Amino acid sequence: MPELPEVEVTRLGIKPHIEGRSVSGVSILDGRLRWPVPKSLPKRLLGQRLSTIERRGKYLLLKMDTGHLLIHLGMTGVLRVLPTADGVKPHDRVMIHFGEISLRLHDPRKFGAVLWHPFSKGAIDNHPLLKKLGPEPLAAEFAGDLGAERLFRFSRKRTVAVKSFLLAGQAVVGVGNIYCSESLFEAGIHPRLPAGKLTKAQCERLAKSVRDVLTKAIKAGGSSLRDFVDAHGEPGYFMMQTKVYDRANEPCRICKSPIVQIVQAQRSTYFCPICQRR
DNA sequence: AGCTCAACCTGGCTGC
DNA sequence: TGCAGCCAGGTTGAGC
């Protein structure tokens, strides 16, 4: 999927087309996603105006008149705005129509989610899926020393490898498998280092590298691994050049030694055994 | 509490 | 060409 940069790029891509518009219909083509898409959604959303689209971690939050629509892209989800008249394609799962255009969730693997959270159930931040998320890596709450302090504090006494620790999203959200390897490389930290052994200096480097890597990826338009395309349906993004991810046995861009691939918590990790031991 | 691992589901690639 | 086997961006929840 889509990691945080791809979700942010998607948000920026769809926002100008549908913000401020009202829902003219909803089609659930296949509601068997990560959780079932509520059957009542079409009735509930009809006529509601979409005021803003925000993002929390990898969740998109579409604010409507009476609540929020939560959308997660899972591993293979793609959100695009297309003419309503355009034909349905295989793996299109949900369409939200705004007159002549519609927002479409295309998701082959069906790990995505479309959920409804009415204002009456409390603030969106308290939604069970959002409640335990760590801070936003690009917000003030993770800026400068705050990010480093957060990483340091949350990693104390943790024996889990720093790679898994970062991926878990409790110390900071939005760092998926690709950018996790990339951030650790930039910070010069070995992915197998137990999180609890991170020094203050390493936390400072890591907080900065997380911010830098994600910011660069957003600027590059998100990376396009396999099936990510932008909101307009154009396969426009080229993958941001990675330093280590998916480069097993290729020479490190810094020291030329071969990049190593290992498996941690059932996920591939890539690193440079020479550069990542500070 | 924290860690590991299976599971959700489908498509694409590799190798026989 | 066909097919089996393996791999893939995320996240929850069971079990220890």
Side-chain angles (χ1 to χ4, degrees), chain A residues 1-11 29-37 55-60 70-79 89-94 105-115 127-134 137 153-184 191-198 210 213-214 217-218 220-230 235 237-240 242 244-249 261-270:
Chain A
M1 144 178 168
E3 298 188 22
L4 185 147
E6 289 76 15
V7 177
E8 179 63 10
V9 168
T10 294
R11 185 181 78 87
L29 305 165
D30 187 344
R32 295 170 299 172
L33 302 185
R34 178 69 198 261
W35 295 280
V37 177
R55 180 187 56 71
R56 179 74 179 93
K58 298 170 192 168
Y59 291 89
L60 286 171
L70 266 80
I71 301 182
H72 195 289
L73 303 179
M75 298 267 261
T76 54
V78 174
L79 266 185
K89 295 204 301 196
H91 314 307
D92 282 351
R93 307 302 184 193
V94 177
L105 175 64
H106 175 91
D107 183 14
R109 278 176 81 179
K110 301 200 274 192
F111 286 167
V114 178
L115 299 169
H127 188 283
L129 292 171
L130 307 184
K131 199 167 184 172
K132 46 191 187 302
L133 295 181
R153 191 155 48 87
F154 270 69
S155 58
R156 292 312 85 189
K157 300 191 177 170
R158 300 290 304 273
T159 58
V160 72
V162 59
K163 157 72 189 302
S164 302
F165 167 76
L166 200 54
L167 205 49
Q170 305 209 266
V172 60
V173 290
V175 186
N177 205 39
I178 298 176
Y179 300 121
C180 192
S181 281
E182 295 297 306
S183 299
L184 287 167
R192 281 201 166 121
L193 181 73
K197 295 203 168 167
L198 284 168
V210 164
V213 163
L214 296 180
I218 291 170
S223 64
S224 80
L225 277 175
R226 300 183 180 95
D227 43 17
F228 183 75
V229 292
D230 76 9
Y237 306 138
F238 47 92
M239 183 159 155
M240 191 183 78
T242 61
V244 288
Y245 185 81
D246 205 22
R247 297 194 65 242
N249 301 315
Q261 176 181 9
I262 58 175
V263 174
Q264 295 180 288
Q266 309 161 270
R267 316 292 303 278
S268 282
T269 300
Y270 299 83

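This structure is a prediction, so every number in the text was calculated from the model and none was measured. Naming: A, B, ... by sequence-line order, numbering from 1 per chain.
- Here A:Leu129 lies in heavy-atom contact (under 4.0 Å) with sugar-phosphate atoms only.
- Protein atom CE of A:Met75 is 14 Å distant from nucleotide atom P of B:dC8, rounded to whole Å.
- Remark: A:His91 is not in phosphate contact with B:dT10, judged by side-chain N or O atoms under 4.0 Å from OP1 or OP2.
- A donor-acceptor pair under 3.5 Å is absent between the side-chain atoms of A:Glu182 and the main chain of A:Val213, judged by distance alone.
- Side chain A:Arg109 to base C:dA8: a donor-acceptor pair is found below 3.5 Å.
- With a 4.5 Å cut-off on side-chain heavy atoms, A:Leu73 and A:Asp107 do not count as touching.
- Looking at A:Gln264 and A:Ser164, their side chains never bring a donor and an acceptor atom within 3.5 Å of each other.
- As rounded to whole Å, 13 Å separates atom C1' of C:dT11 from atom CG of A:Leu130.
- Applying the 4.0 Å criterion to OP1 and OP2 of B:dC8, one finds that A:Lys110 has every side-chain N and O outside that range.
- Note: CZ (A:Phe154) to C1' (B:dA1) measures 14 Å, nearest angstrom.
- Between B:dC3, C:dG10, C:dT12, one nucleotide has an atom nearer to the side chain of A:Val160 than all others, and that is B:dC3.
- The nearest whole Å value for the distance from the NZ atom in A:Lys89 to the P atom in B:dG11 is 14 Å.
- With hydrogens and angles ignored, the 3.5 Å screen pairs no side-chain donor or acceptor of A:Arg93 with any backbone N or O of A:Arg32.
- Considering only the side chain of A:Asn177, C:dG10 comes nearest among C:dA8, C:dT11, C:dG10.
- Of the P atoms belonging to B:dA1 and C:dT11, the separation is 22 Å, rounded to the nearest Å.
- Of the residues A:Ile71, A:Val173, A:Leu133, A:Leu115, the one that meets the side chain to side chain contact (heavy atoms under 4.5 Å, CB included) test with A:Tyr59 is A:Leu133.
- A:Arg32 comes within 4.0 angstrom of nothing in the nucleic acid, heavy atoms only.
- A:Ser268 comes within 4.0 angstrom of sugar-phosphate atoms only, judged by non-hydrogen atoms across all strands, and of no base.
- OP1 or OP2 of B:dC3 lies within a sub-4.0 Å distance of a side-chain N or O belonging to A:Thr159.
- When the side-chain nitrogen and oxygen atoms of A:Thr76 are compared with OP1 and OP2 of B:dT10, none of them lie within a distance under 4.0 Å.
- Remark on DNA chain B: of its neighbouring residues A:Ala265 and A:Arg93, the 5'-side contact belongs to A:Ala265, judged by nearest-heavy-atom nucleotide.
- Between A:Gln266 atom CD and B:dC5 atom P there is a gap of 7 Å when expressed in whole angstrom units.
- Partner assigned to B:dC9 is none, using Watson-Crick or G-U wobble distances below 3.5 angstrom.
- Residue A:Leu167 contributes atom CG, which lies 8 Å from atom P of C:dT11 at whole-angstrom precision.
- Look at A:Lys157 and you won't find any side-chain N or O under 4.0 angstrom from OP1 or OP2 of B:dG2.
- Applying the 4.0 Å criterion to OP1 and OP2 of C:dT11, one finds that A:His72 has a side-chain N or O inside that range.
- Considering all non-hydrogen atoms of both residues, A:Thr242 and A:Arg247 come closest at O-CD, 3.5 Å.
- Regarding A:Phe111, its CZ atom lies at a distance of 12 Å from the C1' atom of C:dC7, rounded to whole Å.
- Atoms CZ (A:Arg34) and P (C:dG13) sit 7 Å apart, rounded to a whole Å.
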